[in-house]
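Only one structure is covered here, and it is reproduced in the block below.
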Amino acid sequence: MTVVDQVEGTGGDWQQGGGRRTDEWSECLTLIAANQDRAAFTRLFRHFAPLIKAFALAGSSLSASVADELVQEVMLKVWQKAGAFNPDKAAASTWVYTIARNCRTDMFRRLQKFDTPLAEEDVFPDQESEEPFALLQGRRTRERIRELMATLPPDQVQILAKVYMEGKSHAEAAAELDLPLGTVKSRVRLAIQKLQIQIDR
Amino acid sequence: MAKFHPELDLLTEHAAGNLPLAQAACVSAHMNYCEQCRRTSSQLQALGSVLFGNLQGVPVGEAQLDAVLARLDDEPPLSYANARRETAGRTPAILQRLMSGDFSDLAWKKITSSLSISYLKTGDPNYEFALYHIKAGGRIPEHTHRGSEMTLVLEGGFSDADGSYHQGDFLLREPSDVHAPTAVQSEDCICLAVLDAPLKFTSWKYRWMNPFLQLRPG
Ligand SMILES: [Zn+2]
């Protein structure tokens, strides 16, 4: 039962070693959930708000005032939903990123006056994984991807950034970079392989 | 367990939040049945968060922080103590959000003796989002599509010249594909079909820049 041992072992490290840099944001979220800790929230805000604003402005499709509105909306959600954050399942920055992505998409739809009963949160429900191995993976995935990202050639990082940060479809990225769609798709695929993202079929 | 899955590029666009709402809902519904795609998707989202963390931050004024702090008391943290987790495997939660009741409560429009269709409203103006009910052993007349068609099997199963598909299986047909699906003999088949509407805007995200659609934030 190595897997279970490892899960517990890592959890234990985290409990004791609160000083580890990568866990600072998890700790803030836990403090918010437990005590409505405003100091912890302020620390999170100072770190994430500039990233959320950059994310809003990426692809320069939203104005600065809409970007500020998005920052407020995302950070309020972070405050409200802190209790749903599970440090065993995902890195805190992944959790914040998914809220920012959902809010940005909802904002695009509001700006387009979509009349929809769905929020982007409905598209990405919090589904439990039954497998302990997947749980263990989830927590370490981000660190592994972050390290491997540094080894990718710039043309692959550029396309990933267009797709994820600028919100461009593969087809839009291809048009902008003046590349065939097939080239864009294969660069994305190659990058994902190098990042060792698991694809079981 | 599903045997037919969205391709990696579709999963990537989904994880990045780039798919049109109707298609995103269909891919999301597939994941209700598919542990493998859930796992890949969560890693693809972790990839997004690494790119997010690598962004060059844009300064945010103290006034913004003060404004948010002032709103915190009105928006207390929600309690998740008794939160009900989505249970995978049942009718996808996202479809339940679009239906009141279950499949039998929907308004079904009879198309042929073996095919009925019920349209669900996602609010996505560019895609038709519909449930197809095919009677056991029934056949849908051969057809092609003007645009792409996503299909997800929700109940029962069907087959066509290329294979047979069961609960959770996901298919993407391109416009030129011709097919004539037949439901399995043993039970009725219900699937979700998402079709490109004839008029499609290439970049749904930027359409609001059209002055007639412009909105003021806040
Ligand atoms: Zn799948």
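Naming: A, B, ... by sequence-line order, numbering from 1 per chain.
Between Tyr97(A) and Val50(B), the closest side-chain pair of non-hydrogen atoms is not below 4.5 Å. By the 4.5 Å heavy-atom criterion applied to side chains, Tyr164(A) and Thr12(B) are counted as neighbours. Residues Pro125(A) and Ser28(B) are in side-chain contact: their nearest non-hydrogen atoms beyond the backbone lie under 4.5 Å apart.
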**OP:** Determine, step by step, whether Met165(A) and Asn54(B) satisfy the side-chain contact (heavy atoms from CB on, under 4.5 Å) criterion, reporting the C-alpha distance in whole Å, the side-chain angles of both residues, the deciding distance to 0.1 Å, and the verdict.
**Re:** CA-CA 10 Å; Met165(A) 295 300 108; Asn54(B) 288 346; over 6 Å; no
Subject >> Derivation of the side-chain contact (heavy atoms from CB on, under 4.5 Å) call for Arg144(A) and Gln43(B) >> reply: CA-CA 10 Å; Arg144(A) 185 196 69 223; Gln43(B) 298 191 12; 3.4 Å; yes
Subject >> salt bridge (Lys or Arg N to Asp or Glu O under 4.0 Å) between Asp124(B) and Arg109(A), intermediate numbers included >> reply: CA-CA 9 Å; Asp124(B) 187 331; Arg109(A) 293 197 180 120; over 6 Å; no
**OP:** Take Gln36(A) and Leu72(B) through the test side-chain contact (heavy atoms from CB on, under 4.5 Å) and record every step on the way to the result.
**Re:** CA-CA 9 Å; Gln36(A) 310 201 8; Leu72(B) 294 186; over 6 Å; no
Subject >> Worked verdict on Leu47(B) versus Ile192(A) for side-chain contact (heavy atoms from CB on, under 4.5 Å) >> reply: CA-CA 9 Å; Leu47(B) 158 56; Ile192(A) 286 170; 4.2 Å; yes
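The backbone N or O of Val163(A) sits less than 3.5 Å from a side-chain atom of Asn18(B), completing a donor-acceptor pair. Between the side chain of Thr40(B) and the main chain of Gln198(A), a donor-acceptor pair closer than 3.5 Å is present. Panel note: side chain Lys121(B), backbone Asp115(A); a donor-acceptor pair is recorded below 3.5 Å.
In summary, the side chains of Arg101(A) and Gln45(B) do present a donor paired with an acceptor at a separation below 3.5 Å, with no hydrogens or angles considered.
Interface residue Leu44(B): backbone and side-chain heavy atoms are both found under 4.5 Å from chain A. Proximity to chain B (any heavy atom under 4.5 Å) is shown, for Ile199(A), by both the backbone and the side chain. Contacts of Cys37(B) with chain A are made by side-chain atoms alone, with heavy-atom separations under 4.5 Å and no backbone atom involved. Heavy-atom distances place the side chain of Leu57(A), and not its backbone, under 4.5 Å from chain B. For Asp73(B), the parts lying near chain A are the backbone and the side chain together; criterion is any non-hydrogen pair under 4.5 Å. Contact of Gln56(B) with chain A is made through the backbone alone, with heavy-atom distances under 4.5 Å. Of the two parts of Lys81(A), the backbone and the side chain both hold a non-hydrogen atom closer than 4.5 Å to a non-hydrogen atom of chain B. When heavy atoms are compared at a cutoff of 4.5 Å, Glu73(A) does not approach chain B at all. Contact annotation for Ala15(B): both backbone and side-chain heavy atoms come within less than 4.5 Å of a heavy atom of chain A. Of the two parts of Ala49(A), the backbone and the side chain both hold a non-hydrogen atom closer than 4.5 Å to a non-hydrogen atom of chain B.
Identified under the salt bridge (Lys or Arg N to Asp or Glu O under 4.0 Å) test for residues 41-55 of chain A, with sequence neighbours left out: Glu24(A)-Arg43(A), Arg46(A)-Glu62(B), Lys53(A)-Asp68(A).
Contacts with chain A were tallied for His14(B), Gln36(B), Met1(B); His14(B) has the most, counting heavy-atom pairs under 4.5 Å. The residue among Arg189(A), Arg104(A), Glu120(A) with the most heavy atom pairs within less than 4.5 Å of chain B is Arg189(A). In terms of heavy-atom pairs under 4.5 angstrom with chain B, the leader among Asp122(A), Val184(A), Thr116(A) is Asp122(A).
Residue Phe124(A) holds its CZ atom at 11.5 Å from OG of Ser42(B), rounded to the nearest 0.5 Å. Considering CD of Gln72(A) and CG of Leu69(B), their distance stands at 10.0 Å, rounded to 0.5 Å. In this structure, CG on Leu118(A) lies 6.5 Å from CZ on Arg97(B), to the nearest 0.5 angstrom. For the atom pair Lys185(A) NZ and Glu7(B) CD, the distance stands at 8.0 Å (nearest 0.5 Å). Separation of atoms CD1 (Ile52(A)) and CD (Gln64(B)) is listed at 11.0 Å; rounding is to 0.5 Å. Atoms CZ and CG, on Phe41(A) and Leu65(B) in that order, are 7.0 Å from each other to the nearest 0.5 Å.
Closest non-hydrogen pair, Ser49(B) versus Thr94(A), comes out as OG-OG1, 2.9 Å. Across Leu51(B) and Leu160(A), no two heavy atoms sit closer than the pair CD1-O, 3.7 Å. When every heavy atom of Pro125(B) is checked against every heavy atom of Phe114(A), the shortest pair comes out as CD-CZ, 3.5 Å.
Using the six-membered ring where Trp is involved, Phe52(B) and Phe55(A) have ring planes that are perpendicular, over 60° apart on the 30 and 60° scheme.
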